[in-house]
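A, B, ... follow the sequence lines: proteins, then strands. Residue 1 opens every chain. All heavy atoms count here, side chains included; hydrogens, waters and symmetry mates do not.
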Amino acid sequence: MHELSEWRKMQRIEWYLQSKIERALERLSYPKLAYSFDIPKIETHGDLSVNLAMLLVKEVRQNPRQIAQQIIDNLDIDSAHIEKAEVAGPGFINFFFSPQYLQKTVSNILEEGNQYGRQDFGKTQNAQVEFVSANPTGPLTIGHGRQAVLGDTIANFLEWAGYSVTREYYFNNAGRQMRILGDSVKLRYEGLLGKATEFPEDYYQGEYIVDIARKILEKHSDAFLNRPDKSLDIFKDSAETYIFEDIKGTLQRLGIQFDVYFNEKDLYDSGEIEQVIRLLKDKNLAYEKEGALWFRSTEFGLDQDRVIVKSSGEPTYRLPDIAYHRDKFERGFDLIVDIFGADHIATYPDVLAGIKALGYDDSKIKVLIHQFVTLYQGSEKVKMSTRRANFVTLDELMDEVGVDVTRWFFLMRSMDSHLNFDLVLAKSQSDENPVYYNQYAHARICSILRNAAEKELSYKNEVTLQRLEHLYEFQLIKKLLEFPTVVERCAREFTPHQLTQYLSEVSTAFHKFYTECWVLTTDKDLSQARLALCLATKTVLANGFTILGVAAPESM
RNA sequence: GCGCCCGUAGUUCAAUUGGAUAGAACGCUUGACUACGGAUCAAGAGGUUGGGGGUUCGACUCCUCCCGGGCGUACCA
């Protein structure tokens with residue numbers, strides 16, 4: 001990995017200002033404390049703003065505006081970067097970028113190209129992201145879709161932050177649900193062969209069960225009819241095989257590739273389940289009561305102890321979950337990200353307690369809980385349940401609106417929010433979806449570049465960038481400048497929706513520039529400079545699209 | 001009952017984690033190309049941030065009490 005170049009330090013001009021401010025504080029012998037940089041909402045408030053003076057009031061016991069002025073007086077800032085710094089409002093220090101700095105930004109974005117926006121803070125660290133983790137009992141639904149896209153994109157962000165990332169899918173193909181699944185297929189199989197039996201309500205109702213039964217029938221004819229013996233695992237196993245094939249196909253279509261599919265069963269085969277039990281017992285953190293084995297989770301702040309092995313001898317889900325996370329630690333991950341739906345909210349404190357009990361650092365685990373997708377058909381709410389087969393599959397959604405819209409839609413909202421997904425709206429108004437707005441900006445730039453090539457115009461000389469001085473040019477450059485900061489924030493805080501929002505702002509700034517500033521003119525230097533700005537914009541949009549996993553079309 | 005999430009414009013959602021005058025999109029009203037893609041741009045209307053109290057220079061954000069919605073609260077996963 002390369003070290004930060006001089007430019008990259010400047011690219012995050014906050015870092016430059018930070019060191020200058022620090023020195024000023026030393027000179028004034030003011031205490032150092034944590035403050036923040038803001039991008040003001042109002043243009044007259046400058047390009048960057050610092051609230052430091054107001055925070056110093058208690059320590060310094062002076063008027064915050066005076067403090068701010070003293071800090072400014074002791075700043076030794078290069079006017080090639082910052083044109084001016086001034087006190088404003090209750091004591092903000094507002095900084096204004098210089099034109100030279102903004103012009104230089106364009107050429108430097110072009111230099112960094114598809115690396116622009118990458119970060120170093122995860123360098124040499126390994127991260128694991130676990131998501132989807134749906135058991136193979138049916139096709140992926142829209143609910144899974146949100147998690148799949150979130151997980152994949154968060155993994156992308158971590159890669160852009162420098163981490164080496166493992167995408168992992170955890171599943172369990174034993175258990176009661178899988179038995180019911182196998183029995184459901186068996187009944188359908190028998191039904192196809194004319195044996196009329198009642199199909200229980202709590203069995204899997206979906207049409208895909210019949211499809212699987214039909215495939216078995218095609219392959220093996222009636223070989224498994226009237227065979228109530230144990231070999232009937234064929235139904236369960238076939239179901240698992242076919243369904244997993246289907247799930248993987250859906251994920252692939254979404255552009256998602258897992259590095260590891262982790263089967264819960266392996267934790268039993270490898271003895272890790274037993275090891276966890278023994279370790280807990282050795283530490284006196286597990287005890288027998290009423291025929292069950294309990295984990296002393298109250299030692300770790302939980303409201304009551306939890307059963308980890310039932311009196312029947314069967315482990316509860318907690319035990320393999322804990323063993324699985326121990327396995328993650330043993331594989332040496334520095335950062336472990338778990339993505340769950342809101343329905344799993346109650347389970348993760350048990351896992352964290354278990355991990356702590358085993359002596360691992362639970363602060364390495366980041367649990368992300370996303371809220372549900374509520375599906376609407378117009379104004380009518382659709383209840384989803386895999387077993388009742390009352391759902392819209394992820395594949396069906398992609399058939400309707402395409403992959404890019406699907407991904408963007410799931411990413412554009414905070415994961416803390418319930419996502420209302422109106423199918424009618426998504427289908428009928430897909431042309432007005434924000435993803436097209438952004439892709440259109442990209443396609444438009446490509447079109448300009450094609451026209452430029454025909455006219456034999458291209459960006460060659462950095463000196464021409466001085467010609468960029470229109471208000472809309474500066475506004476666009478300032479937006480492009482934010483990209484690395486946005487990527488960092490998204491990666492640190494696991495908030496992909498902030499990138500979708502940011503990219504829309506970039507597109508808006510570009511469309512305004514496009515409307516006001518003609519790119520291909522008879523003034524060759526100006527054309528060059530504006531072409532460079534187009535290229536820089538294209539770079540940011542394309543890099544953003546790459547992270548989000550949507551296409552950057554040359555034309556639409 | 002308890003835990004977590006949510007409540008912001010007609011609708012769907014943001015708000016750089018405590019900052020300055022709460023912003024977008026859709027929808028609605030009115031405008032803009034004899035040239036780079038009109039899937040665009042400009043202007044307008046639209047708000048007591050669910051409600052009360054508190055913390056401070058400053059609150060959509062933090063604390064507290066209500067109201068409303070979602071998800072949980074197993075020796076189910």
To the nearest 0.5 Å, tell me how far A:Asp327 CG sits from A:Ile322 CD1.
13.5 Å

Phosphate contact (B:rC71 OP1 or OP2) by A:His370 side-chain N/O below 4.0 Å:
no

Is the positively charged end of A:Arg444 above the ring of A:Phe510, judged by distance under 6.0 angstrom from the centroid and angle within 45° of the axis?
no

Sticking with atom C1', work out how far B:rA45 lies from B:rC26, rounded to a whole angstrom.
15 Å

5'-most by nearest nucleotide on RNA chain B - A:Glu516 or A:Ser311:
A:Glu516

Check the pair A:Cys534 / A:Tyr514 against side chain to side chain contact (heavy atoms under 4.5 Å, CB included), numbers first and verdict last.
CA-CA 9 Å; A:Cys534 286; A:Tyr514 174 90; over 6 Å; no

Relative to its sugar, using the 90° cut-off around 0, the base of B:rU61 is anti

Checking contacts here: which listed nucleotide (B:rC13, B:rG37, B:rG19) is nearest the side-chain heavy atoms of A:Tyr440?
B:rG37

Heavy-atom count check: over 12 atoms from other residues, nucleotides or ligands less than 6.0 Å from A:Lys289 NZ?
yes

What does A:Ser312 touch in the nucleic acid at a heavy-atom separation under 4.0 angstrom: a base, only the sugar-phosphate, or nothing?
nothing

Return no unless some side-chain N or O of A:Arg492 is found under 4.0 Å from OP1 or OP2 of B:rU16.
no

Touch class at under 4.0 angstrom, heavy-atom based, for A:Glu314 against every strand present
nothing

Have a look at A:Ala452 and say if it touches a base, only the backbone sugar-phosphate, or nothing, with a 4.0 Å heavy-atom cut-off.
nothing

So, is A:Asn51 close to the B:rA20 phosphate, meaning a side-chain N or O under 4.0 Å from OP1 or OP2?
no

With both distances kept under 3.5 Å, what pairs with B:rU61, Watson-Crick or G-U wobble?
none

For atom P, what is the distance between B:rG23 and B:rG69, given to the nearest Å?
31 Å

Within less than 4.0 Å of OP1 or OP2 of B:rG38, is there a side-chain N or O belonging to A:Tyr514?
yes

Reckon A:Ala292 touches a base, only the sugar-phosphate, or nothing at all at heavy-atom distances under 4.0 Å?
base

Quick check: any donor-acceptor pair below 3.5 Å linking the side-chain of A:Glu290 to the base of B:rC75?
yes

Side-chain N or O of A:Gln371 versus OP1/OP2 of B:rC4: is the shortest distance under 4.0 Å?
no

Verify the contact: side-chain N or O of A:Lys455 to OP1 or OP2 of B:rC36, cut-off strictly under 4.0 Å; return yes or no.
no

Think A:Lys289 has a side-chain N or O under 4.0 angstrom from the OP1 or OP2 of B:rC75?
no

Residue closer to the 5' end of RNA chain B, A:Pro315 versus A:Gly89 (nearest nucleotide):
A:Gly89

Separation between the P atoms of B:rC6 and B:rC62, rounded to whole Å
9 Å

To the nearest 0.5 Å, what is the distance between CD on A:Gln475 and CG on A:Asp47?
10.0 Å

So A:Cys517, base contact, sugar-phosphate only, or nothing? Heavy-atom distance under 4.0 Å.
base

Under 4.0 Å from OP1 or OP2 of B:rC41: is there any side-chain N or O of A:Tyr437 that close?
yes

Pairing check on B:rA9: which nucleotide meets the Watson-Crick or G-U wobble criteria with it, both distances under 3.5 Å?
none

Let me know the distance between CG of A:Asp422 and C1' of B:rG27, rounded to the nearest Å.
14 Å

What contact category does A:Thr347 fall into here, base, sugar-phosphate, or nothing, at under 4.0 angstrom with non-hydrogen atoms?
base

For B:rG27 versus B:rG18, give the span between their C1' atoms, rounded off to a whole number of Å.
34 Å

Can you tell me, in whole Å, how much space there is between the C1' of B:rC71 and that of B:rA77?
15 Å

A:His45 near the nucleic acid: base, sugar-phosphate alone, or nothing, with a heavy-atom cut-off under 4.0 Å?
base

Between A:Asp38 (CG) and B:rU16 (C1'), how many Å, whole number?
6 Å

Looking across every strand, which nucleic acid part, if any, lies under 4.0 Å from A:Asp350 by heavy atom: base, sugar-phosphate, or nothing?
nothing

Pairwise P distance, B:rA24 and B:rC41 [rounded to whole Å]:
13 Å

Pairwise P distance for B:rC63 and B:rC4, with rounding to whole Å:
10 Å

Would you say the ring centers of A:His511 and A:Tyr440 fall short of 6.0 Å from each other?
yes

Using the C1' atom as the point on both nucleotides, what is the distance between B:rG72 and B:rU8, in whole Å?
26 Å

What does A:Ser555 touch in the nucleic acid at a heavy-atom separation under 4.0 angstrom: a base, only the sugar-phosphate, or nothing?
base

Re B:rC4: Watson-Crick or G-U wobble partner, both distances kept under 3.5 Å, found to be B:rG70

Could you tell me whether the phosphate oxygens of B:rG37, OP1 or OP2, come under 4.0 Å of any side-chain nitrogen or oxygen in A:Ser447?
yes

Calculate the interatomic distance between A:His511 atom NE2 and B:rA42 atom P; express it in whole Å.
10 Å

Which part of the nucleic acid, if any, lies within contact of A:Phe372, taking any heavy atom under 4.0 Å across all strands shown: a base, the sugar-phosphate backbone alone, or nothing?
sugar-phosphate

Counting any heavy atom closer than 4.0 Å, what does A:Gln498 reach on the DNA or RNA strands: base, sugar-phosphate only, or nothing?
sugar-phosphate

Just checking A:Ala441: base, sugar-phosphate only, or nothing, at a heavy-atom cut-off of under 4.0 Å?
nothing

Under a 4.0 Å threshold between the charged nitrogen and the carboxylate oxygen, would A:Arg12 count as salt-bridged to A:Glu488?
yes

Mind checking A:Ser417 for me? I need base, sugar-phosphate or nothing, with any heavy atom below 4.0 Å counting as a touch.
sugar-phosphate

So, does A:Ser414 get its side chain near the phosphate of B:rA14, meaning an N or O under 4.0 Å from OP1 or OP2?
yes

With a cut-off of less than 4.0 Å, is there a side-chain N or O of A:Asn420 near OP1 or OP2 of B:rU11?
no

With stacking defined as ring centroids separated by under 5.5 Å and planes differing by under 30°, is A:Phe92 stacked against B:rG19?
no

Mate of B:rG44 across any strand shown (Watson-Crick or G-U wobble, both atom pairs under 3.5 Å) is B:rC28

Can A:Tyr324 and A:Glu272 be counted as having a side-chain donor-acceptor contact under 3.5 angstrom?
no

Residue-phosphate contact under 4.0 Å: A:Lys41 side-chain N/O, B:rA15 OP1/OP2
no

Determine whether A:Glu130 and A:Lys328 satisfy the following criterion, salt bridge (charged side-chain N to carboxylate O under 4.0 Å, His left out), listing intermediate values before the conclusion.
CA-CA 10 Å; A:Glu130 181 206 334; A:Lys328 295 186 189 190; 2.8 Å; yes

